[in-house]
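Accompanying notes for the structure given below.
These numbers come from the heavy atoms of this one structure, side chains and all, not from hydrogens, waters or symmetry mates. Positions are given from 1, in the same order as the sequence printed here.
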Amino acid sequence: MMKQLKSLLIAALLFVGINETVQAQAKVAHINVSDLMAASPEMKAAQTQLEKVTKTYDTEYNTMVEEFRKKVAQYEKEASTVKDDVNEARGKEVQDMQKRIQDYQQTASKELQEKQEAIYKPILEKSRAAIQKVAKAKGYQYVLDSSSGSGVLLADGPDLLADVKKELGFGAK
């Protein structure tokens, strides 16, 4: 009798342990954040804004480069007809122009990157909050980004993209 009670107790403990293990398994879902961002009307507006800023920088850069080319062509054409000290001064001027162009390019690139980060940050934060809200409402402890290159090797579980789009108000297109 004692042996049966002991076996029954061990079986009960094993059952409880297995039951706890099953309940402890985390619920995992995935979402392609790249697709979510691409579908966002706010992201489309942000990209249009960045394209305008980029075009402004490109126009200024191209103007500077064209001015530089004209000067170089003019100075090369006149080099044999002017004194050495004039050619030397012109050479310095060309080097200075070249440096200004390089500095402008670096500054513009940095400013454009900062502008992009400033524009995208609130959109990403809003998307992240929506993902978290939907995941919590559906009982998921983990949500993986299934975008290409994100390191997810298999995304066969529930996809939250449609639900998050709905939460953000731009539907499941």
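Residues Ile31 and Leu36 are in side-chain contact: their nearest non-hydrogen atoms beyond the backbone lie under 4.5 Å apart. Contact annotation: the side chain of Val82 approaches that of Arg90 to within less than 4.5 Å [non-hydrogen atoms, C-beta and beyond]. In this structure, the side chains of Leu124 and Met37 come closer than 4.5 Å at one or more pairs of heavy atoms. No side-chain heavy atom of Leu168 sits less than 4.5 Å from a side-chain heavy atom of Ser40. The side-chain heavy atoms of Tyr140 and Val28, taken from C-beta on, include no pair separated by under 4.5 Å. You'll find the side chain of Phe68 stays beyond 4.5 Å of the side chain of Arg100, heavy atoms only. Counting heavy atoms from C-beta outward, Lys165 and Leu161 have side chains that approach closer than 4.5 Å. Between Pro158 and Lys138 the shortest side-chain heavy-atom distance does not fall below 4.5 Å.
Under 3.5 Å, the side chains of Ser146 and Asn32 contain no donor-acceptor pair of N or O atoms.
The same ILVMFWY cluster, assembled from side-chain heavy atoms under 4.5 Å apart, contains both Phe170 and Leu160. Using a 4.5 Å cut-off between side-chain heavy atoms of Ile, Leu, Val, Met, Phe, Trp and Tyr, with links allowed through other members, Met97 and Val86 fall into different hydrophobic clusters.
Summarising the geometry, atom CG belonging to Asp35 is positioned 8.5 Å from atom CG belonging to Asp159; distances are rounded to the nearest 0.5 Å. Put simply, CD1 on Ile101 and CE on Met64 are 5.5 Å apart, with the number rounded to the nearest 0.5 Å.
A donor-acceptor pair is defined here as one N or O able to donate and one able to accept, closer than 3.5 Å; no such pair exists between the side chain of Asp163 and the backbone of Val134. One N or O on the side chain of Gln141 and one on the backbone of Lys27 form a donor-acceptor pair closer than 3.5 Å. Ser34 places no side-chain N or O within donor-acceptor distance of the main-chain N or O of Ser147, the cut-off being under 3.5 Å.
Applying the salt bridge (Lys or Arg N to Asp or Glu O under 4.0 Å) rule to pairs touching residues 79-89 yields nothing, sequence neighbours excluded.
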Contacts table for residues 46-54: side-chain donor-acceptor under 3.5 angstrom, sequence neighbours left out:
residue, atom, partner, partner atom, Å
Thr48, OG1, Lys44, O, 3.0
Thr54, OG1, Leu50, O, 2.8

For residues 105-115, which side-chain donor-acceptor pairs fall under 3.5 Å, sequence neighbours excluded?
residue, atom, partner, partner atom, Å
Thr107, OG1, Asp103, O, 2.9
Glu111, OE1, Tyr57, OH, 2.6

- Task: Starting from the C-alpha separation in whole Å, work towards a yes-or-no answer on salt bridge (Lys or Arg N to Asp or Glu O under 4.0 Å) for Asp96 and Lys92.
- Result: CA-CA 6 Å; Asp96 290 345; Lys92 173 123 176 61; 3.4 Å; yes

